Protein chains: 2
Amino acid sequence: MSNLATIAALIGDPSRAAMLQALLPGEALTAGELARVAQIGAAAASAQIKALVEAGLVAVHAQGRHRYHRLAGEEIAAALETLMALPQVSPRKSWPHGDGFRKARLCWHHLAGQLGVELHARLTGDGWIAAAPGGWLVTDAGEARFGKLGVDLATARRSPRFACDCMDWSERRPHLSGGLGREVTGMMIRRLWLTRIEPLATDTLQRRRLACTPEGARALAAEFGIAA
Amino acid sequence: MSNLATIAALIGDPSRAAMLQALLPGEALTAGELARVAQIGAAAASAQIKALVEAGLVAVHAQGRHRYHRLAGEEIAAALETLMALPQVSPRKSWPHGDGFRKARLCWHHLAGQLGVELHARLTGDGWIAAAPGGWLVTDAGEARFGKLGVDLATARRSPRFACDCMDWSERRPHLSGGLGREVTGMMIRRLWLTRIEPLATDTLQRRRLACTPEGARALAAEFGIAA
DNA sequence: ACCATGCTTCGGCGGGTTCCGAAACATCGC
DNA sequence: GCGATGTTTCGGAACCCGCCGAAGCATGGT
């Protein structure tokens, strides 16, 4: 069977798809949490997780009697977002938690949603970053501005992908991915421009939604020209 | 069922996946050709095609006693390429036609493969195109150079997406997609820089491979600085 | 040492899906 | 009109796959 069919079939099962969506924000979840998210028993979940791990879509980290699972890489998250960005099959159904996801959320540790694509547009349009083979590089001007904001570019550069596009499933436009995306988002959360809301419940499917603080709204407008 | 699982399940069936891969170059195929590509009977193929059409992945055009099928849009092709770009599950198996696909091939009417990503890198690196919200725009310099090469930018702009990235499955780096990608590739084929090889056989799975003519190699080097 | 918790393996059941052959329908060429 | 070709619908059979419950193993707390 071709690689395409193999991978797609793995994602195509409702239980596994629910698990993958729960892992999209980049956090690591235990087998039990994944079972609850997929609404199946521990035994069934174990089998599904095993399949995902063997396929290389999910990575495991055993710690004590817990086993933490996360997406195996950024490309996986990007591929999932791309798939979700395809036109809805059936008449649009609302998402579990309403449309709150569209504003701002995490996708593999980087910012997604309206705020994410808006940021991407500003960074490219205002010359913070420039096109490079296979992704983006930071311009001299961007280097200075990122530095002043406290974005750790050195750490970002150690990432296998420094900066590239990830198709946003709700906006159908790219947002910033890669090490740079992670560091920029980390800076915003560290400085309390963004806060995580709806912390991980144990029995519901959720993606980490983000909320913009009043201070964050001011900062985003001042630094990037984004009107929240 | 979530949209993610629905779509992935559709792609996840080996027969349907074979059909979709056969449609990737952008050509329209009849139901019978799709059946042969998937190596199933006409009856089974008809059912699978129906599912793909109802999901909006494939579009149909009835003409006489034939029904021509093509991918419903560029995003579909991009999503398929992205999925194929994920790390191979099992130890790398060779593709049906060897590795010939990697050099140059068509992906939804635009250039993919090594030549495709190389072109993308040159266009962005040498200032033909520049980043814009949601994709790329042509610079003033690019406008002139494209015009001299006979690329129809007006037609390209009428496309729903003018220029955006498509993740190349064999190179794992983006190539140029959208109307601009289509027009540039069309120009190259029209001027015989590239020729299609292995015309569509009726009983095998194939993607349209492209070969670079001697004249094309010279032109690519002269115009874009690409060493073929 | 003992029990609680988290996770995995095993056996078996049930539902869903895919396939084929036969038949019906549509279109083209003679 | 008639046969040939392309495509779809129908019915039935086979198969795959995912789920659960029970049992087993590992880890951590008391």
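Proteins get letters first, then strands, A, B, ... in listed order; numbering begins at 1 in each. Predicted model, so just to flag it, every value in this text is computed and none were measured.
One interatomic measurement links the two molecules: CG of B:Leu29 to P of D:dG6, which rounds to 15 Å at whole-angstrom precision. Residue A:Leu10 contributes atom CG, which lies 13 Å from atom C1' of D:dG18 at whole-angstrom precision. As rounded to whole Å, 10 Å separates atom P of D:dT8 from atom CG of B:Leu34. Per the geometry, CE belonging to B:Met19 stands 13 Å off C1' belonging to D:dT7, to the nearest Å. Note: CG (B:Leu52) to P (D:dT8) measures 12 Å, nearest angstrom. One atom, CD1 of B:Ile49, and another, P of C:dC19, lie 12 Å apart when rounded to the nearest Å. Rounded to a whole Å, the CG atom of B:Asp13 is 13 Å from the C1' atom of C:dG16. Look at NZ on A:Lys50: it is 13 Å from P on D:dG18, rounded to the nearest Å.
The listed nucleotides are C:dC7, D:dC19, C:dC19; the one nearest the side chain of A:Gln48 is D:dC19.
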Q: Could you walk me through whether B:Arg161 and B:Glu74 pass the salt bridge (Lys or Arg N to Asp or Glu O under 4.0 Å) test, one step at a time?
A: CA-CA 9 Å; B:Arg161 289 165 184 245; B:Glu74 205 159 19; 5.4 Å; no

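Side-chain atoms of A:Val60 and A:Ile49, non-hydrogen and from C-beta on, never get closer than 4.5 Å to each other.
Here B:Glu81 pairs with B:Arg105 in a salt bridge; the nearest charged N to carboxylate O distance falls below 4.0 Å.
Listed pair B:Thr30 / D:dG6 fails the phosphate criterion, with no side-chain N or O lying under 4.0 Å from OP1 or OP2. Dashed line: the shortest gap from a side-chain N or O of A:Ser15 to OP1 or OP2 of D:dC19 is under 4.0 Å. In this structure, A:Arg67 does not reach the D:dT27 phosphate: none of its side-chain N or O atoms is under 4.0 Å from OP1 or OP2.
Counting only distance, with no hydrogens or angles, the side chain of B:Arg16 and the backbone of B:Ala9 share a donor-acceptor pair below 3.5 Å. For A:Arg196 (side chain) and A:Leu106 (main-chain N/O), no donor-acceptor pair under 3.5 Å exists by modelled atom type.
Two residues, A:His66 and A:Ala47, neighbour DNA chain C, and the one matched to the more 5' nucleotide by heavy-atom proximity is A:His66.
With respect to A:His175, the side-chain hydrogen bond (donor to acceptor under 3.5 Å, both in side chains) criterion is satisfied by exactly one of A:Asp165, A:Asp168, A:Thr185: A:Asp168.
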Q: Take nucleotides 20-30 of chain C nucleotide by nucleotide from the 5' end and write B, S or -, depending on whether a protein heavy atom sits under 4.0 Å from the base, only from the sugar-phosphate, or from neither.
A: SB-----BB--

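Pairing each heavy atom of B:His109 with each of B:Glu27, the nearest pair is NE2-N, 4.4 Å.
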